[in-house]
Amino acid sequence: MLTERRSWKALELHYDSIRQQHLRDLFSQDPERGTRFTAEAAGLYLDYSKNRITAETIGLLIALAEECGLRDRIEAMFRGDHINVTENRAVWHTQLRAGTNSEVEAVLRRMEAFAGKIRAGGGPIRNIVNIGIGGSDLGPVMAYEALKHYSRRDLTFRFVSNVDGTDFAEATLDLRPEETLFIVASKTFTTLETMANAQAARNWIVSALGERVVADHFVAVSTAEPEVKKFGIDPVNMFGFWDWVGGRYSMDSAIGLSTMIAIGPTHFREMLAGFRAMDEHFRTAPFERNLPVLMGLLTVWYNNFFGASTVAVLPYDQYLKRFPAYLQQLTMESCGKSVTLSGTRVNYQTGPIFWGEPGTNGQHSFYQLIHQGTRLIPCDFIGFCHTLNPLGNHQDLLMANVFAQSQALAFGKQAPAAQPYREFEGNRPSNTILADRLTPATLGALVALYEHSVFTQGAVWDINCFDQFGVELGKVLAKEILPMLDPAAARPTGDSSTVNLIGRYRAARAASS
Ligand code: G6Q
């Protein structure tokens with residue numbers, strides 16, 4: 001068990017010696033600290049000096065990673081071993097961008113031809129609606145928003161995920177069916193929400209244009225050809241991927257078709273190159289200079305030794321507004337586990353809660369709690385030296401706030417004794433990730449950074465970061481409950497709370513029908 005490991009015990013002892021030390025003192029003892037605790041790769045500069053660590057901490061955390069076999073696990077992932085043991089699958093998203101896999105390349109070429117045709121114009125399609133959910137939505141929508149600057153402004157992109165009819169209705173409200181292409185993105189092609197929305201899209205097209213043209217308005221992205229056929233989409237209009245691509249690790253597979261149509265094949269390839277650069281770094285750089293390893297180990301440090309239960313991700317770039325939501329799935333679906341790879345229950349905390357909003361907006365809402373609340377919340381600040389939209393001195397204003405926030409959190413400010421409410425105790429840790437500008441390559445590197453940070457955490461916690469059985473039960477129960485919602489059905493069964501709620505819902509529906 002993890003907590004029995006030598007390096008874990010050494011970290012426990014070390015924690016006792018460091019928990020009282022203030023970042024103010026750590027900085028004054030070591031004037032080089034702000035340059036010493038930094039690392040750089042794939043266009044991302046990481047300053048992790050404002051963490052509650054010393055060189056000894058890093059040494060011990062790396063010893064922990066070694067003892068947990070991180071090195072071998074990285075190799076196993078890149079080799080394509082079936083490290084997703086519960087589903088007996090490889091975890092091979094790195095192949096999507098390695099540039100060496102002929103099947104991946106063949107799909108990319110087909111995507112390029114398709115995206116090229118739409119982008120060339122001449123045809124009727126002006127609107128692209130991606131229908132998918134979870135991993136088949138969050139990546140595409142995040143990437144579209146993040147790379148909007150590079151996108152075709154004469155094309156309209158929409159993303160429908162929720163089974164709430166409002167999502168479909170609002171997304172299509174102002175679109176003309178004859179100009180609209182639906183990308184039905186679903187690895188399994190059986191997901192309830194996606195199938196319901198795809199059916200709604202089919203009806204929407206058919207009622208406006210007739211059955212005959214359906215094929216011109218639908219493409220599928222999936223691993224499940226028979227299901228795609230069953231739905232009525234010709235496999236020639238299907239872009240495939242493989243069972244070794246997990247949903248939340250799929251934005252750079254054919255699931256990224258909407259991204260490619262938006263930003264074009266060249267930018268899409270640049271994004272893949274950014275992913276690849278971070279992959280190579282993760283695989284080859286010594287752990288003490290390895291960005292994902294360092295960030296993953298720091299997450300473990302706060303989660304398991306300081307008892308921090310969340311991590312705030314704070315991008316100072318409006319284009320990254322959906323990045324925290326994307327990361328929530330990546331981190332929490334991956335690390336929200338409580339049994340080890342060998343099936344025993346853990347006796348330590350696993351994945352923390354990831355959350356966040358773009359700066360500076362968050363500063364005017366929840367930062368108060370980070371600065372003066374009772375909880376320790378490690379923060380990841382993400383900033384860029386150049387903006388994509390120069391406007392007066394806005395970029396300096398924005399970045400002055402990034403630097404000011406991490407400084408305020410780390411060093412705090414003493415208040416007069418009579419005004420304790422003005423006290424900033426400081427000693428609140430953060431990472432700062434600084435990049436030149438938000439390009440497709442930077443985005444690829446940033447996503448891969450967090451993917452591999454998650455991998456590092458999972459290796460330490462000895463959990464399977466690649467399954468998601470925790471989402472199953474709710475799906476099963478929803479299927480059972482659905483027929484009970486019919487006012488004409490027999491009295492619902494189950495626990496008294498659920499039966500009562502269903503009863504009220506049925507009564508309200510019956511009264512209005
Ligand atoms: C991601 C999860 C999950 C999945 C969705 C959609 O890792 O597996 O979020 O992406 O449930 O699944 P389909 O792509 O099969 O519709």
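Index from 1, following the sequence. Counting starts at 1 for both ligands and their atoms, in listed order. Just so it is clear, the model here is predicted, and its values are computed rather than measured.
Using modelled atom types, one finds a donor on one side chain and an acceptor on the other under 3.5 Å when comparing T188 with T191.
Of the protein's non-hydrogen atoms, the one nearest atom 15 (O) of ligand 1 is T188 OG1, 2.6 Å. Scanning all protein heavy atoms for the shortest distance to atom 1 (C) of ligand 1 gives E333 OE1, 3.1 Å. Shortest contact from atom 5 (C) of ligand 1 to any protein heavy atom: I133 O, 3.5 Å.
Interface of S136 with ligand 1, defined as ligand atoms under 4.0 Å from a residue heavy atom, comprises 10 (O), 13 (P), 14 (O). Here is the list of ligand 1 atoms found below 4.0 Å of a heavy atom in T191: 12 (O), 13 (P), 15 (O), 16 (O).
We find that D174 and R158 are joined by a salt bridge, their nearest charged nitrogen and carboxylate oxygen being less than 4.0 Å apart. At a threshold of 4.0 Å, the pair R269-E105 counts as salt-bridged, since one of the basic side-chain nitrogens sits closer than that to a carboxylate oxygen.
Nearest-residue assignment for atom 9 (O) of ligand 1 (options R248, Q468, Q329, K475; heavy-atom criterion): Q329.
Using bins of under 30°, 30° to 60° and over 60° for the plane-to-plane angle, the ring pair F381/Y316 lands in the tilted bin. Ring-plane geometry between F282 and H452 is classed as parallel, the angle between the planes falling under 30 degrees on a 0 to 90 degree scale with a further cut at 60.
At least one test fails for R89 against the ring of F466: distance under 6.0 Å to the centre or angle within 45° of the axis.
Checking atom 11 (O) of ligand 1 against the protein gives no heavy-atom contact under 4.0 Å.
Residue T194 has no nitrogen or oxygen atom sitting less than 3.5 Å from a nitrogen or oxygen atom of ligand 1, judged on distance alone. Any N or O atom pair closer than 3.5 Å counts here, and G135 shares at least one such pair with ligand 1.
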*Go through the steps for R283 and E280 under the test salt bridge (Lys or Arg N to Asp or Glu O under 4.0 Å), then give the verdict.*
CA-CA 5 Å; R283 188 178 194 172; E280 278 163 14; over 6 Å; no

